[in-house]
Number of protein chains: 2
Amino acid sequence: MVVDQVSNAELDRLFQALADATRRDIVARVLTDEYSVSELAAEYAMSFAAVQKHVAVLERASLVAKEKRGREQMVRIHLDGLRRARRLLDDYEEIWQQRVARIDDILAEG
Amino acid sequence: MVVDQVSNAELDRLFQALADATRRDIVARVLTDEYSVSELAAEYAMSFAAVQKHVAVLERASLVAKEKRGREQMVRIHLDGLRRARRLLDDYEEIWQQRVARIDDILAEG
DNA sequence: CTAATCTACAACCAAATGGTTGTAGATCAA
DNA sequence: TTGATCTACAACCATTTGGTTGTAGATTAG
């Protein structure tokens with residue numbers, strides 16, 4: 001159960017990071033391509049600093065990692081975060097399935 | 001791709017709802033048992049109104065549904081939300097896997 | 001060397017969030 | 001009927017969030 005393995009603060013940061021359309025878009029982009037922070041910034045109708053903050057939020061959530069290359073900072077996906085979040089939701093659905101199975105058993109007996 | 005099917009506002013509400021430990025705990029509880037709002041409230045070191053608000057957030061995110069029973073309001077899980085959130089993360093990982101496969105192909109050719 | 005580019009970070013602001021208390025309407029129990 | 005219980009919701013408050021502008025340090029290009 002992820003619920004027990006991953007700290008609440010970590011999950012807070014993870015889901016909080018995913019709870020913004022711009023940040024989800026950044027994740028989707030860096031999943032397939034490499035972007036520097038300013039290349040990302042060019043994609044959105046907001047300031048460079050705003051995008052920089054979004055990237056920082058994703059970084060703190062372990063969804064993304066930065067790597068310095070010359071004067072640029074390249075943003076890459078960091079799968080750990082994504083996997084931890086997905087695992088929690090998988091666990092939830094598994095708990096649900098166990099409950100469904102339990103109810104089926106009871107009905108089969110009755 | 002969920003990214004296209006589910007509105008950004010919906011995903012915002014979903015992940016935002018999951019970005020709080022109390023709300024994740026409520027989800028975990030109602031996955032296996034039935035709780036009224038006040039039964040839930042009794043579990044946490046905060047006011048009834050605070051828990052009521054948390055339930056409302058989960059409800060708006062389609063993670064939970066309320067059903068009136070007498071003077072009580074029973075809180076049940078509503079799988080739709082959970083599945084939509086999980087699907088997005090699955091999509092992300094699939095995109096990643098495709099990228100990995102693509103890179104493998106390139107390496108195989110080279 | 002100088003100028004342009006990329007990044008980091010501080011200070012500020014409006015809006016949203018997560019909590020509180022208080023009031024009031026339904027429903028149930030005695 | 002009366003009192004207790006369950007819920008809803010408003011008003012309020014402190015903190016966080018998502019945006020802005022401005023300043024300054026590295027690094028690259030000419």
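Excluded from the calculations below are hydrogen atoms, water molecules and symmetry mates; all remaining heavy atoms, backbone and side chain alike, are included. Residue numbering restarts at 1 for every chain, and letters A, B, ... go by the order of the sequence lines. Since the structure is predicted, the reported quantities are computational estimates derived from the model, not experimental observations.
- Of all nucleotides listed (dC6(D), dC9(C), dG18(D)), dG18(D) comes nearest to the side chain of H54(A).
- Using a 4.0 Å cut-off between charged nitrogen and carboxylate oxygen, D12(B) and R24(A) count as a salt-bridge pair.
- K68(B) has no side-chain polar atom (N or O) that falls below the 4.0 Å cut-off from OP1 or OP2 of dA26(C).
- Among residues two or more places apart in sequence or in another chain, the side-chain contact (heavy atoms from CB on, under 4.5 Å) test is passed with E43(A) by R29(A), Y35(A).
- Rounded to an integer number of Å, the gap from R13(B) CZ to dT17(C) C1' is 16 Å.
- Neither OP1 nor OP2 of dT5(C) sits under 4.0 Å from any side-chain N or O of S38(A).
- Judged purely by atom type and a 3.5 angstrom limit, S36(A) uses its side chain to pair as donor or acceptor with the backbone of E39(A).
- Here dT20(D) is the nucleotide among dT28(D), dT20(D), dT7(C) with the atom lying nearest to any side-chain atom of A50(A).
- Contacts of S47(A) with the nucleic acid, taken as non-hydrogen atoms under 4.0 Å apart, include base atoms.
- The distance between atom CG of D12(B) and atom C1' of dG18(D), rounded to the nearest whole Å, is 12 Å.
- Following rounding to the nearest Å, Q73(B) (CD) and dT27(C) (C1') show an atom-to-atom distance of 13 Å.
- The residue K53(B) sits close to a base: some heavy atom pair falls under 4.0 Å.
- Spacing between atom CZ of F48(B) and atom P of dC9(D) amounts to 11 Å, rounded to whole angstrom units.
- For the pair G70(A) and R23(A), both in contact range of DNA chain D, the more 5′-proximal nearest nucleotide belongs to R23(A).
- Nearest nucleotide to the side chain of R71(A), out of dA8(D), dT21(D), dT5(C): dT5(C).
- Counting any heavy atom pair closer than 4.0 Å across all strands shown, A56(B) reaches no nucleic acid atom.
- Counting to the nearest Å, the P atom of dT23(C) and the CD atom of Q52(B) are 17 Å from each other.
- When the C1' atom of dT5(C) is taken as reference, atom CG of L40(A) falls 16 Å away, rounded to whole Å.
- Along DNA chain C, the nucleotide nearest to V37(A) and the one nearest to A45(B) differ in position, and the one closer to the 5' end is contacted by V37(A).
- When each of Q16(A) and R69(A) is assigned the nucleotide of DNA chain D with its nearest heavy atom, Q16(A) is the one assigned upstream, toward the 5' end.
- The residue S36(A) sits close only to the backbone: its heavy atoms come under 4.0 Å of sugar-phosphate atoms, none of a base.
- No side-chain donor from either of E93(B) and Q97(B) sits under 3.5 Å from a side-chain acceptor of the other.
- Among dC6(C), dC6(D), dC9(D), the nucleotide with an atom closest to any side-chain atom of E72(A) is dC6(C).
- Rounded to whole Å, atom P of dC6(D) lies 18 Å from atom CD of E67(B).
- Atom pair L18(B):CG and dT17(C):P shows a separation of 14 Å (rounding to whole Å applied).
- At a threshold of 4.0 Å, the pair E34(A)-R69(A) counts as salt-bridged, since one of the basic side-chain nitrogens sits closer than that to a carboxylate oxygen.
- With sequence neighbours excluded, no residue forms a salt bridge (charged side-chain N to carboxylate O under 4.0 Å, His left out) with R23(B).
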